[in-house]
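Here the structure is a predicted model, which means the values were calculated and not measured.
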Amino acid sequence: MPCVIRRLAVLALAALLAGCATPYPPAPAPMASVPAPRLEGNERWVYEQINPYNGLHMRTLTDTLEAGPAGYTIVRRSDRPGDPVETQTAPKPWSVSAERDGAMGYRYAPALTVIPFPIAPGSHWLETLTATDEHGESRRQQTWGRALDWERVSTPAGEFVALRIERDRNLGDRTSDWFETYLHETLWYAPAVKRWVRVEWRSRRQEMGRSPRVEPDAIVWQLTAYRR
């Protein structure tokens, strides 16, 4: 019963976090089920990060895929001075077994699933994993994911028919002063570019105590270019 109660609480909070998700018109399904993409290596996705509160440009991010014997490495570079180079290790598309954001690195066991292939409208999954940082500190994280429907999405890179995928996550980062961070993420996956063309990400973390502070955060990315 406690697990059921916790899951209901997570879903209720996720619904709150997802309240401002961008609506897009429905589109005819281009395929019944989406297979895993065939990645070639040296592929590049360029995203614009937008401030979701005022719609202003924040920075441009370039994700470059490098193929290797154990899978793939995604190298992310920002055009904003001072931003670190970020890396992700992907044993298969699209999952993450390790990542580094400049200041800290993490490993996931099993690998964190971003999109489980094959996937189709109505697909859903539940995942529990352990995230371990470089100091050996581990956190138990949970993800509830689902695929909704096909939508027609406009981006600076063009218009795409994309599958809307949502993930609710508990990051397991509770401390003596703060509850866990809850995150709601919406991705629009377009088979034409083998990756997502838009991402909307919202999180919420609340302090313990009688007058708790709440730390919200939000990110929007949209594709501006895809290069092979």
Side-chain angles (χ1 to χ4, degrees), residues 27 29-49 60-78 85-101 105-131 141-151 153 155 157-158 160-169 171 183-201 219-228:
M31 58 190 72
S33 179
V34 184
R38 295 185 61 183
L39 301 176
E40 303 166 8
N42 203 32
E43 293 172 87
R44 185 174 299 175
W45 298 265
V46 183
Y47 295 95
E48 178 189 22
Q49 183 174 328
T60 298
L61 297 165
T62 300
D63 287 4
T64 302
L65 180 81
E66 301 174 356
Y72 307 92
T73 299
I74 297 94
V75 180
R76 175 172 298 154
R77 293 180 170 86
S78 169
V85 175
E86 302 176 28
T87 60
Q88 291 184 339
T89 301
K92 61 181 181 179
W94 287 110
S95 65
V96 180
S97 60
E99 63 181 342
R100 171 173 283 281
D101 63 4
Y106 295 89
R107 291 192 172 274
Y108 300 103
L112 171 65
T113 301
V114 181
I115 300 177
F117 295 102
I119 191 170
S123 298
H124 55 87
W125 72 98
L126 170 63
E127 179 178 68
T128 300
L129 57 82
T130 300
Q141 300 185 352
Q142 289 185 306
T143 301
W144 294 268
R146 57 200 169 275
L148 300 182
D149 212 341
W150 293 94
E151 297 180 350
V153 183
T155 74
F160 300 91
V161 174
L163 182 62
R164 182 179 182 133
I165 299 169
E166 296 187 353
R167 299 195 304 157
D168 300 315
R169 298 183 62 200
L171 299 189
L183 183 152
H184 179 84
E185 185 179 41
T186 305
L187 306 96
W188 285 266
Y189 177 84
V193 299
K194 308 180 185 180
R195 212 167 184 236
W196 36 91
V197 295
R198 185 177 175 90
V199 177
E200 295 184 11
W201 181 97
I219 293 174
V220 174
W221 291 358
Q222 59 179 358
L223 187 73
T224 62
Y226 167 61
R227 304 166 188 165
R228 293 178 179 171

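Summarising the geometry, atom CG belonging to Leu163 is positioned 7.5 Å from atom CG belonging to Asp149; distances are rounded to the nearest 0.5 Å. Rounded to the nearest 0.5 Å, atoms CG (Leu112) and OG1 (Thr130) are 12.0 Å apart. Interatomic distance, OH of Tyr189 versus CD1 of Ile115, reported as 6.0 Å (0.5 Å rounding). Between the CG atom of Asp101 and the CD atom of Glu86 there is a distance of 6.0 Å, given to the nearest 0.5 Å. Note that CZ of Arg169 and CD of Gln142 are 11.0 Å apart. Values are rounded to the nearest 0.5 Å. Rounding to the nearest 0.5 Å gives a distance of 7.0 Å between OG of Ser97 and CZ of Arg107.
For the pair Ala90 and Ile74, the tightest heavy-atom approach, listed with the atom from each and the gap, is CB-CD1, 3.8 Å. When every heavy atom of Pro121 is checked against every heavy atom of Leu148, the shortest pair comes out as CB-O, 3.1 Å. Summarising the geometry of Thr155 relative to Val197, their closest heavy-atom pair is CG2-O, 3.6 Å, with the distance given to 0.1 Å. Of all heavy-atom pairs spanning Trp144 and Arg146, the tightest one is O-NH1, 3.8 Å. Across all their heavy atoms, Pro116 and Ile119 have their closest contact at O-CB, 3.2 Å. Closest non-hydrogen pair, Ala192 versus Arg228, comes out as O-NH2, 4.5 Å.
Residues Arg164 and Glu166 are paired through a salt bridge, judged by an N-O separation under 4.0 Å between the basic side chain and the carboxylate. Between Glu99 and Arg76, no side-chain nitrogen of the basic residue sits less than 4.0 Å from a carboxylate oxygen of the acidic one, so the salt-bridge criterion is not met.
Contact check for Ser95 versus Tyr108: no side-chain heavy atoms found under the 4.5 Å cut-off. Contact check for Thr186 versus Arg198: no side-chain heavy atoms found under the 4.5 Å cut-off. In this structure, Thr60 and Val46 have side chains that are in contact, with non-hydrogen atoms separated by less than 4.5 Å. Counting heavy atoms from C-beta outward, Ile165 and Glu185 have side chains that stay 4.5 Å or more apart. Using a 4.5 Å cut-off on side-chain heavy atoms (C-beta onward), Val34 and Trp150 make contact.
Between the side chain of Ser33 and the main chain of Ala120, no donor-acceptor pair closer than 3.5 Å is present. Between the Arg167 side chain and the Thr113 main chain, a donor and an acceptor come within less than 3.5 Å of each other.
With sequence neighbours excluded, no residue satisfies ring-ring contact (aromatic ring centres under 6.0 Å, His included) with Phe160. Every ring-ring contact (aromatic ring centres under 6.0 Å, His included) that Trp45 has, sequence neighbours left out, goes to Trp94, Tyr226. Scored by the ring-ring contact (aromatic ring centres under 6.0 Å, His included) test, Tyr106 finds no partners at all (sequence neighbours excluded).
Residue Glu43 forms a side-chain hydrogen bond (donor to acceptor under 3.5 Å, both in side chains) with just one option from Lys194, Arg227, Arg195, and that option is Lys194.
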**OP:** Report the C-alpha distance between Val114 and Trp196 in whole Å, list the side-chain angles of each, state the deciding distance to 0.1 Å, and finish with yes or no for side chain to side chain contact (heavy atoms under 4.5 Å, CB included).
**Re:** CA-CA 11 Å; Val114 181; Trp196 36 91; 3.8 Å; yes
**OP:** Carefully, step by step, assess Val199 and Ile219 under the rule side chain to side chain contact (heavy atoms under 4.5 Å, CB included).
**Re:** CA-CA 8 Å; Val199 177; Ile219 293 174; over 6 Å; no
